[in-house]
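Along the sequence shown, residues carry numbers from 1. When reading the values below, keep in mind they use all heavy atoms of this one structure, side chains included, and skip hydrogens, waters and symmetry mates. For clarity, every value in this text was computed on a predicted model and none was experimentally measured.
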Amino acid sequence: MSRPGLVLEVDDRTPPLVVHEGDGFRLEEFPRGTRVVYPPESLPSVPDVEAAIDHALRNPIDARPLPDQLFAGMRLTIAFDDISLALPQMTRPDIRQRIVEQVLTMAAAAGVDDVELIAANALHRRMTADELRYMLGERVFRSFYPQGKLRNHDAEDPANMVHIGVTDRGEDVEINRRAAESDLLVYVNVNLVAMDGGHKSVPIGLTSYTSLKHHHNSHTMTHSRSFMDHERSAMHHSAWRMGRVLKDHLNIFQVETTLDNECFPTAYGFMQKREWEWSVKDQAAALAARRGLALAPTSMRRRIFQGVRAPYGLTGISAGEVEAVHDATLERLHRQQMVELDGQSDVMVLGVPFIGPYNVNSTMNPILAACMGLGYYFNSYRGKPVVREGGAVILYHPVPAAFNALHHPSYVDFYDEVLSVSTKPSVIEAKFEEQYATDPWYTHLYRTSHAYHGVHPFYMWYWISHALDHCGDIIWVGAEKRSVERMGFRAASTLDDALAMAQGTVGRSPSITFLHNPPHLIADVT
């Protein structure tokens with residue numbers, strides 16, 4: 001039986017708490033009176049996953065059953081979320097493999113032989129062959145990849161894109177040509193958090209810079225008051241407008257899945273528990289892990305954490321019409337992740353873990369660390385932000401100026417060139433975005449190698465616009481001073497130092513809230 005999220009106040013009996021900080025973690029003693037927010041424990045998982053998938057496909061919401069939509073001679077395209085989800089990566093078989101296999105079985109039974117599979121990577125890096133094989137399984141990979149029928153979306157191939165129309169706000173709707181010209185597009189989602197899914201799937205995952213720039217910009221991101229509440233997110237409003245234009249031109253069959261909160265395998269099982277519930281074995285495992293990681297070189301720590309596979313369980317699956325499916329998805333996600341909070345705090349404390357959507361099998365550089373902490377975690381709320389307007393955010397991460405040259409070439413130049421001129425999103429957008437977005441070398445690397453698009457670091461910086469606009473101070477504990485100062489933030493050695501530095505913003509006795517995640521949570525702040 002699952003238990004709800006827990007909110008407690010630190011007192012003299014509270015043990016040191018786990019705080020994630022990149023490729024490691026620390027045990028931190030928080031000031032007395034700190035409010036600690038734990039995520040809910042895992043909901044019961046679906047006992048028979050294959051049966052649940054079959055039922056969803058045959059009993060969709062506000063749509064005809066999938067088998068009834070399949071016929072010989074049709075053109076079928078299956079698109080799926082790329083490697084940015086789930087986090088950490090799932091143990092095999094990935095839920096996308098299991099869904100895709102059932103869709104293909106139904107298609108074969110109907111005599112469908114024109115089928116293609118597309119990773120909906122938008123301007124993310126292309127997935128490697130091994131990553132596609134891991135996600136979709138050997139059978140799907142061997143049946144489609146060698147024939148070129150399993151591929152990554154290419155947003156920079158003009159022949160690969162088609163302009164569908166414009167919204168009532170003048171937003172261009174442009175998507176993958178194969179998807180647009182199919183008789184049926186099946187989209188397979190992994191809905192790890194409430195930001196995912198709905199019309200954020202096809203209009204964003206299969207689009208181009210032409211469309212993305214309408215909502216991935218500094219103004220829209222600043223006015224997206226929580227990415228986890230699509231009704232208050234200007235970015236989602238734009239995506240929803242685009243999705244409703246697509247509904248008049250495409251037959252989309254949306255499949256959305258929700259997962260439990262089992263983020264860590266047995267070796268790191270202590271991270272799934274509340275610290276005062278640790279057994280002697282858990283305490284020993286935590287101590288051994290900390291000591292081992294402290295002695296390991298950076299490259300080894302990174303390999304250890306990038307090798308983590310999460311034993312996620314499926315909590316539900318829905319299929320059918322996009323908006324109706326997403327409503328069912330949000331209900332399950334909220335039951336799994338929502339924690340009620342009474343009021344805001346002067347200070348919010350966050351640990352930034354080793355993984356984010358854009359450094360899978362890669363390096364978390366300073367821009368991605370900022371995006372994870374001030375973009376995703378800061379925006380993990382419904383209602384109001386956890387920290388009051390003008391308050392302080394304290395984050396834990398070493399923030400090394402380390403970049404993966406294969407995956408993030410434009411990030412290096414963004415860090416060295418762009419941030420040396422300004423850290424203000426609107427200024428950065430006006431001065432530099434078009435140059436990076438249209439740079440032929442970055443475009444070449446995106447199309448032929450495994451690099452994120454040249455404009456991608458701009459989007460990650462816009463992602464933190466709301467936090468920059470809302471917060472009075474942002475301080476990183478244990479971080480490289482040069483890195484955080486380049487981004488316009490401050491560095492502190494300890495939590496006590498960070499709180500002392502923030503006194504000018506929040507006073508000598510601030511209220512403090514520590515969001516104890518991962519696992520995933522959404523703070524419902526009243």
Side-chain angles (χ1 to χ4, degrees), residues 23 77-104 115-157 160 176 178 187-190 192 196 205-206 257 259 263-265 267-268 298-312 353-365 368 402-411 444-453 456:
D23 299 320
T77 298
I78 304 171
F80 53 92
D81 284 342
D82 71 355
I83 200 171
S84 60
L85 296 166
L87 303 172
Q89 294 183 70
M90 299 178 69
T91 54
R92 300 179 79 176
D94 190 289
I95 189 61
R96 282 160 288 201
Q97 172 188 335
R98 303 173 84 160
I99 295 169
V100 167
E101 287 180 344
Q102 289 211 29
V103 173
L104 292 174
V115 184
E116 291 193 15
L117 286 76
I118 303 175
N121 52 284
L123 301 185
H124 300 173
R125 69 170 177 86
R126 296 187 312 132
M127 292 176 65
T128 67
D130 286 342
E131 289 167 342
L132 288 167
R133 181 187 287 111
Y134 183 92
M135 180 182 291
L136 297 178
E138 193 67 38
R139 185 174 68 154
V140 173
F141 181 84
R142 288 191 178 187
S143 298
F144 290 89
Y145 187 80
Q147 293 77 32
K149 301 295 185 180
L150 167 58
R151 56 189 171 87
N152 292 281
H153 170 63
D154 184 352
E156 285 289 352
D157 178 6
N160 182 50
N176 181 281
R178 166 71 197 200
Y187 195 102
V188 181
N189 274 95
V190 177
L192 188 67
D196 307 325
L206 294 175
T257 61
L259 307 175
C263 290
F264 297 103
Y268 294 95
T298 300
S299 59
M300 182 179 292
R301 292 200 304 272
R302 191 167 297 143
R303 284 196 303 271
I304 290 170
F305 277 98
Q306 289 289 342
V308 168
R309 296 293 180 265
Y312 287 117
F354 68 96
I355 192 74
Y358 317 111
N359 74 306
V360 177
N361 299 327
S362 190
T363 305
M364 183 173 282
N365 59 55
L368 292 181
F403 296 83
N404 185 302
L406 173 65
H407 295 156
H408 304 121
S410 63
Y411 278 74
H444 173 75
L445 293 177
Y446 162 80
R447 297 194 64 193
T448 64
S449 184
H450 297 282
Y452 284 84
H453 194 277
H456 202 260

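Closest non-hydrogen pair, Met364 versus Ile355, comes out as CE-C, 3.7 Å. Considering all non-hydrogen atoms of both residues, Pro93 and Arg98 come closest at CG-CD, 3.8 Å. In this structure, Asn189 and Thr257 approach most closely via the heavy-atom pair O-OG1, 2.9 Å. The shortest non-hydrogen separation linking Arg96 to Val188 is CG-CG1, 3.9 Å. Nearest heavy-atom pair, Ala120 versus Tyr187, reported as atom, atom and distance to 0.1 Å: CB-OH, 3.3 Å. Closest approach of Leu206 and Ala79 over heavy atoms only: CD1-CB, 4.0 Å.
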_For a side-chain contact (heavy atoms from CB on, under 4.5 Å) check, start with the C-alpha distance between Met135 and Met127, then their side-chain angles and the critical distance, and finish with the verdict._
CA-CA 10 Å; Met135 180 182 291; Met127 292 176 65; 3.5 Å; yes
_Derivation and outcome, side-chain contact (heavy atoms from CB on, under 4.5 Å), residues Gln89 and Tyr134_ = CA-CA 10 Å; Gln89 294 183 70; Tyr134 183 92; 4.2 Å; yes
*Output, in order, the C-alpha distance, side-chain angles, deciding distance and verdict of side-chain contact (heavy atoms from CB on, under 4.5 Å) for Met90 and Ile95.*
CA-CA 8 Å; Met90 299 178 69; Ile95 189 61; 3.9 Å; yes
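Annotation: ring-ring contact (aromatic ring centres under 6.0 Å, His included) contacts of Tyr358 (sequence neighbours excluded): His124, His456. Residues passing the ring-ring contact (aromatic ring centres under 6.0 Å, His included) test with Tyr446 are His453, sequence neighbours excluded. Among residues two or more places apart in sequence or in another chain, the salt bridge (charged side-chain N to carboxylate O under 4.0 Å, His left out) test is passed with Arg309 by none. With sequence neighbours left out, the side-chain contact (heavy atoms from CB on, under 4.5 Å) criterion links Thr363 to Arg302, Ala402, Asn404. Residues passing the side-chain contact (heavy atoms from CB on, under 4.5 Å) test with Ala451 are Pro409, Leu445, sequence neighbours excluded. Considering only residues two or more places apart in sequence or on other chains, Phe141 meets the ring-ring contact (aromatic ring centres under 6.0 Å, His included) condition with Tyr145. Annotation: salt bridge (charged side-chain N to carboxylate O under 4.0 Å, His left out) contacts of Asp81 (sequence neighbours excluded): none. Considering only residues two or more places apart in sequence or on other chains, Ser143 meets the side-chain hydrogen bond (donor to acceptor under 3.5 Å, both in side chains) condition with none of them. With sequence neighbours excluded, no residue forms a side-chain hydrogen bond (donor to acceptor under 3.5 Å, both in side chains) with Ser449. Remark: Arg447 pairs with Asp154, Glu156, Asp157, Thr443 by the side-chain contact (heavy atoms from CB on, under 4.5 Å) rule, at least two apart or across chains. For Arg178, the side-chain contact (heavy atoms from CB on, under 4.5 Å) partners at least two apart in sequence or on another chain are Arg75, Thr77, Asp114, Glu116, Ile118, Arg151, Asn176, Ser182. For Phe305, the ring-ring contact (aromatic ring centres under 6.0 Å, His included) partners two or more places apart in sequence, or in a different chain, are Tyr268, Phe354.
By the 4.5 Å heavy-atom criterion applied to side chains, Phe80 and Leu117 are counted as neighbours. Looking only at side-chain heavy atoms (C-beta outward), Leu136 and Asp94 stay at 4.5 Å or farther from each other. Asp82 has its side chain out of reach of Asn152: every pair of non-hydrogen atoms, C-beta onward, lies at least 4.5 Å apart. Residues Leu85 and Pro357 are not in side-chain contact: their nearest non-hydrogen atoms beyond the backbone lie 4.5 Å or more apart. Counting heavy atoms from C-beta outward, Phe264 and Pro311 have side chains that stay 4.5 Å or more apart.
A donor-acceptor distance shorter than 3.5 angstrom exists from the side chain of Asn121 to the backbone of His153, with no hydrogens or angles considered. Between the Asp196 side chain and the Leu192 main chain, a donor and an acceptor come within less than 3.5 Å of each other. A donor-acceptor pair under 3.5 Å links the side-chain atoms of Arg126 to the main chain of Thr448, judged by distance alone. A side-chain donor-acceptor contact under 3.5 Å links Gln306 to the backbone of Asn359. At distances below 3.5 Å, not a single donor-acceptor pair connects side-chain atoms of Arg133 with backbone N or O atoms of Thr128.
Between His408 and Phe403, the ring center distance fails the sub-6.0 Å criterion.
Atom-to-atom distance recorded for Arg125:CZ and His407:NE2 is 4.0 Å, nearest 0.5 angstrom.
Salt bridge status for Arg92 with Glu138: absent, with no side-chain N to carboxylate O gap under 4.0 Å.
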